[in-house]
Number of protein chains: 2
Amino acid sequence: MSEPTKSGTREIARDAVRARISEVAVDLFDEHGFANVTVEQIATEVGISARSFHRYFAVKEDAVIAEPMGWGVFVRDRFAERPADEPVWEGLLAAYEALLAQPDRDDVRGKRAMRVLGSTPSLRARNLEKHLLWAQLLTPLVAERLRGPQRLLRAEALVHSSLACFDIALGNWAQSEAAADPAALLRTAFAEIAAVS
Amino acid sequence: MSEPTKSGTREIARDAVRARISEVAVDLFDEHGFANVTVEQIATEVGISARSFHRYFAVKEDAVIAEPMGWGVFVRDRFAERPADEPVWEGLLAAYEALLAQPDRDDVRGKRAMRVLGSTPSLRARNLEKHLLWAQLLTPLVAERLRGPQRLLRAEALVHSSLACFDIALGNWAQSEAAADPAALLRTAFAEIAAVS
DNA sequence: CCAATAGTGTCAGAGACTGACAGAATTGGC
DNA sequence: GCCAATTCTGTCAGTCTCTGACACTATTGG
């Protein structure tokens with residue numbers, strides 16, 4: 001599935017720089033607002049040129065969103081492991097829960113990023129776009145488990161609704177002052193949809 | 001709710017120009033691709049300056065999305081008219097159906113716009129942003145009709161899921177060659193969510 | 001006909017992003 | 001350790017989107 005891991009070290013260095021840029025960018029955005037920080041400022045702070053910034057992130061927004069595909073693959077794989085006879089909605093919930101349970105998630109930084117993300121429309125939009133990619137990974141698997149006509153349309157409805165719930169749960173978690181449990185919020189959102197009669 | 005309709009004629013002229021720009025823009029985007037058409041080209045074709053283009057549309061993308069708030073208000077108002085004891089999900093479906101039933105919807109042009117829209121990431125993102133605005137209008141009304149804890153979170157889950165269904169239905173409709181009924185696709189998507197147990 | 005109001009083009013400028021290119025660093029084999 | 005291939009990197013030049021300022025024209029309402 002993943003690349004041949006050509007020579008390891010290079011990839012590692014690249015990821016580290018990428019992470020550093022993201023860190024600096026989120027800090028600056030949080031303090032001054034997304035629109036009031038230029039790419040040049042971020043680059044200077046990190047110690048690289050503006051041109052190099054764009055070699056790591058296609059657009060300014062991506063410095064906050066970062067990781068576009070990797071976690072999507074993770075969620076898809078978790079979903080794929082679920083028993084075939086399990087209701088789809090439960091399987092999706094379990095897959096997202098697995099993501100939230102990842103040990104290397106930095107909650108403090110994650111929360112800060114989510115806060116910045118929620119404060120700027122163009123960032124939110126870009127984030128939703130990322131979820132569109134996730135949806136493309138999940139939809140085929142979900143469609144497989146459905147019966148009857150219009151399988152693709154119905155699968156898309158399920159997947160996108162689940163992503164909406166995921167988004168909302170994380171958004172609410174980021175806004176909450178107290179140390180709420182994102183997984184609990186996620187379950188609440190999922191349960192609400194399941195209760196639609 | 002609506003503006004005092006200051007002097008009518010001016011508003012009418014403005015809307016007409018706006019519609020004309022949008023028409024030209026969608027045509028050009030459809031033919032050459034969104035990124036390959038400059039604002040200047042659109043403006044020249046319409047017979048105005050590039051500066052004036054931006055007086056009608058804040059950003060290039062909006063020439064395709066057009067109407068950012070108006071229809072959102074329409075949907076909200078339709079939902080508000082629904083009986084208070086009706087299940088929320090049914091009320092939302094009815095509100096979107098009312099939008100699709102609007103007599104002045106130009107299906108041919110609408111389909112073209114949706115096609116362009118689906119082909120360019122930045123356009124998709126902007127479209128999602130529009131839906132974020134719709135969600136802000138609908139969420140308070142939905143929250144009002146819910147009981148129990150976490151009303152806001154649960155309302156957001158419902159509203160965003162419904163918007164996802166709306167998006168998917170229109171997206172599938174735009175892609176379909178045959179003259180499918182968007183309302184039927186919408187009902188299918190909504191039914192799928194309602195069937196989650 | 002005359003103000004007040006609204007719309008327009010032109011100009012200047014900031015900022016995001018891209019392609020080209022030359023120089024520096026890193027890698028893998030020898 | 002050394003050399004060639006590969007992979008960064010910064011610099012430069014340029015395009016495009018979007019904004020503010022200003023002067024000018026058109027429309028409106030009295």
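In what follows, chains carry the letters A, B, and so on, assigned in the order in which the sequence lines appear, proteins first and then strands, with residues in each chain numbered from 1.
Considering only side-chain N and O atoms, A/Ser52 lies nowhere under 4.0 angstrom from the phosphate OP1 or OP2 of D/dC8. Between A/Tyr56 and C/dC17 there is no side-chain polar atom (N or O) within less than 4.0 angstrom of OP1 or OP2. The phosphate of D/dT11 (OP1 or OP2) has no side-chain N or O of A/Ser49 nearer than 4.0 angstrom.
Here CG of B/Asp30 is found 7.5 Å from OG of B/Ser119. Values are rounded to the nearest 0.5 Å. Atom CD of residue B/Glu40 and atom CD of residue B/Glu45 lie 13.0 Å apart, to the nearest 0.5 angstrom. Here B/Asp77 contributes atom CG and B/Trp71 contributes atom CH2; the two are 15.0 Å apart, rounded to the nearest 0.5 Å. For the atom pair A/Ser161 OG and B/Leu163 CG, the distance stands at 10.0 Å (nearest 0.5 Å).
Residue contacts shown for B/Val37 are limited to sugar-phosphate atoms, with no base heavy atom under 4.0 Å away. B/Phe53 comes within 4.0 angstrom of no nucleic acid atom, judged by non-hydrogen atoms across all strands. Among the atoms of the strands shown, none is found under 4.0 Å from any heavy atom of B/Phe57. Within 4.0 Å (heavy atoms only), A/Ala13 reaches no atom of the nucleic acid at all.
One side chain, B/Ser122 or B/Glu61, offers a donor N or O that lies under 3.5 Å from an acceptor on the other.
Counting non-hydrogen atoms of neighbouring residues, nucleotides and ligands closer than 6.0 angstrom, the CD atom of B/Glu86 exceeds 12 such neighbours. Heavy atoms of other residues, nucleotides or ligands lying less than 6.0 angstrom from CD of A/Glu81 number more than 12.
Put simply, CZ on A/Arg14 is 16 Å from C1' on C/dT27, counting in whole angstrom units. When rounded to the nearest whole Å, the span between CZ of A/Arg10 and P of C/dT26 equals 8 Å. For A/Asp62 and C/dA16, the CG to P distance is 14 Å, given to the nearest whole Å. In this structure, NE2 of B/His54 is placed 13 Å from P of D/dC16, rounded to the nearest angstrom. If you take CD1 of A/Ile48 and P of C/dA25, they are 17 Å apart, rounded to a whole angstrom. Atom-to-atom, CD of B/Glu61 to C1' of D/dC18 comes out at 11 Å; the value is rounded to the nearest Å. Rounding to whole angstrom units, CD1 of residue B/Ile12 and P of C/dA6 are separated by 16 Å. Here the C1' atom of nucleotide D/dT25 and the CZ atom of B/Arg55 are 12 Å apart, to the nearest Å.
Residues passing the salt bridge (Lys or Arg N to Asp or Glu O under 4.0 Å) test with B/Glu156, sequence neighbours excluded: none.
Of all the residues in residues 38-46 of chain B, B/Thr38, B/Val39 reach under 4.0 Å from DNA chain D with at least one non-hydrogen atom.
Distance alone, capped at 3.5 Å, is enough to place a donor-acceptor pair between the A/Arg154 side chain and the A/Pro149 backbone.
Each end of the helix from C/dC1-D/dG30 to C/dC30-D/dG1 yields a helix axis from five base pairs, and these two axes differ in direction by 30° (to the nearest 10 degrees).
No donor-acceptor contact under 3.5 Å links the side chain of B/Arg51 to the base of C/dG7.
Contact check on A/Asp85 versus A/Arg145 returns no salt bridge, with no Lys/Arg side-chain nitrogen under 4.0 Å from an Asp/Glu carboxylate oxygen.
With distances taken from any side-chain atom of A/Lys60 to the nucleotides D/dT27, D/dT6, C/dA16, the minimum falls on C/dA16.
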